[in-house]
Amino acid sequence: MAESSSVFYSGFYGSASVGANELALMMWSVTPTVQLVEFRNSRSGNYVVRQSTFSDVSGDLTVDYDFANDYFAAPFNLNPGTILTNLLLYLHQPSKSALSGPEWTFASVIIDSTPQTLDINGKIGTKFSFKGAGGNVTPP
């Protein structure tokens with residue numbers, strides 16, 4: 001049997017977009033999870049039996065705060081409680097701002113927090129934490 005060749009990429013030109021609007025991204029993370037139901041009864045023996053049920057996803061986006069393009073106002077409106085559709089998180093793009101290449105695709109997420117950080121003599125970063133809000137999630 002022939003061994004398949006591997007292709008590895010760095011996160012070069014990684015990015016994020018909401019619809020067609022690209023974010024000035026510093027970092028993103030995605031955590032897919034599944035809810036586990038536990039069964040314990042007279043037939044399960046000494047060990048808990050688990051079965052996976054509903055899938056879920058959560059994640060974070062950290063962006064440079066842009067005073068000329070406020071993320072909390074249009075066109076982004078990234079405020080706690082806002083439902084975003086068509087959130088794309090790119091792993092690797094062929095060029096800067098291409099908005100193409102392998103990506104996580106989220107049909108719908110809801111922003112649950114927006115903490116800001118500031119390093120003295122540093123840049124201002126804004127973090128947007130989100131959770132799945134139904135719809136499909138497609139990994140790269």
**Message:** So, using salt bridge (charged side-chain N to carboxylate O under 4.0 Å, His left out) as the criterion, who are the partners of R43 when residues are at least two apart?
**Reply:** none
**Message:** Distance check, rounded to the nearest 0.5 Å: H92 atom NE2 versus S15 atom OG?
**Reply:** 12.5 Å
**Fill in**
Between the CD atom in Q51 and the CD atom in E38, the distance rounded to the nearest 0.5 Å is 12.5 Å
**Message:** I need the R50 CZ to S44 OG distance, nearest 0.5 Å.
**Reply:** 11.0 Å
**Message:** On a heavy-atom basis, which atom in S52 and which in V34 lie closest, and how many Å separate them?
**Reply:** CB-CG2, 3.5 Å
Give the table of side-chain donor-acceptor pairs shorter than 3.5 Å for residues 74-91, with sequence neighbours excluded, one pair per line with atom names and distance.
| residue | atom | partner | partner atom | Å |
| --- | --- | --- | --- | --- |
| N77 | OD1 | A74 | N | 3.1 |
| N79 | ND2 | F72 | O | 3.1 |
| T82 | OG1 | N77 | O | 3.1 |
| T82 | OG1 | N79 | N | 3.4 |
| T82 | OG1 | N79 | O | 2.9 |
| Y90 | OH | L99 | O | 3.2 |

**Request:** Verify whether one side chain among S17 and E22 offers a donor that lies under 3.5 Å from an acceptor in the other.
**Result:** no
**Item:** Worked verdict on M26 versus T62 for side-chain contact (heavy atoms from CB on, under 4.5 Å)
**Value:** CA-CA 5 Å; M26 295 166 55; T62 303; 4.2 Å; yes
**Item:** Heavy-atom closest pair, residues Y71 and D66
**Value:** CE1-N, 4.1 Å
**Asked** Hey, any chance V30 and M27 share a hydrophobic cluster, counting ILVMFWY side chains that come within less than 4.5 Å of each other, even indirectly?
**Response** no
**Request:** Evaluate the side-chain proximity of Y65 to L118: yes if any heavy-atom separation is below 4.5 Å, no if none is.
**Result:** no
**Request:** For side-chain contact (heavy atoms from CB on, under 4.5 Å), just list the numbers for F106 and V57, CA-CA rounded to whole Å, side-chain angles, deciding distance to a tenth of an Å, and then say yes or no.
**Result:** CA-CA 9 Å; F106 300 91; V57 67; 3.7 Å; yes
**Request:** Measure the spacing between CG of D56 and NZ of K131 and express it to the nearest 0.5 Å.
**Result:** 7.5 Å
**Asked** Are F67 and I120 in one and the same hydrophobic cluster, where Ile, Leu, Val, Met, Phe, Trp and Tyr link if side-chain heavy atoms are under 4.5 Å apart?
**Response** no
**Within-4.5 Å side-chain heavy-atom neighbours: F130 and S58** = no
**Item:** Minimum side-chain heavy-atom gap S100-Y13 below 4.5 Å
**Value:** no
**Within 6.0 angstrom of F39 CZ, more than 12 heavy atoms from elsewhere** = yes
**Request:** Check each of L61, D60, L23 against W28 using the side chain to side chain contact (heavy atoms under 4.5 Å, CB included) test, and report the only one that passes.
**Result:** L61
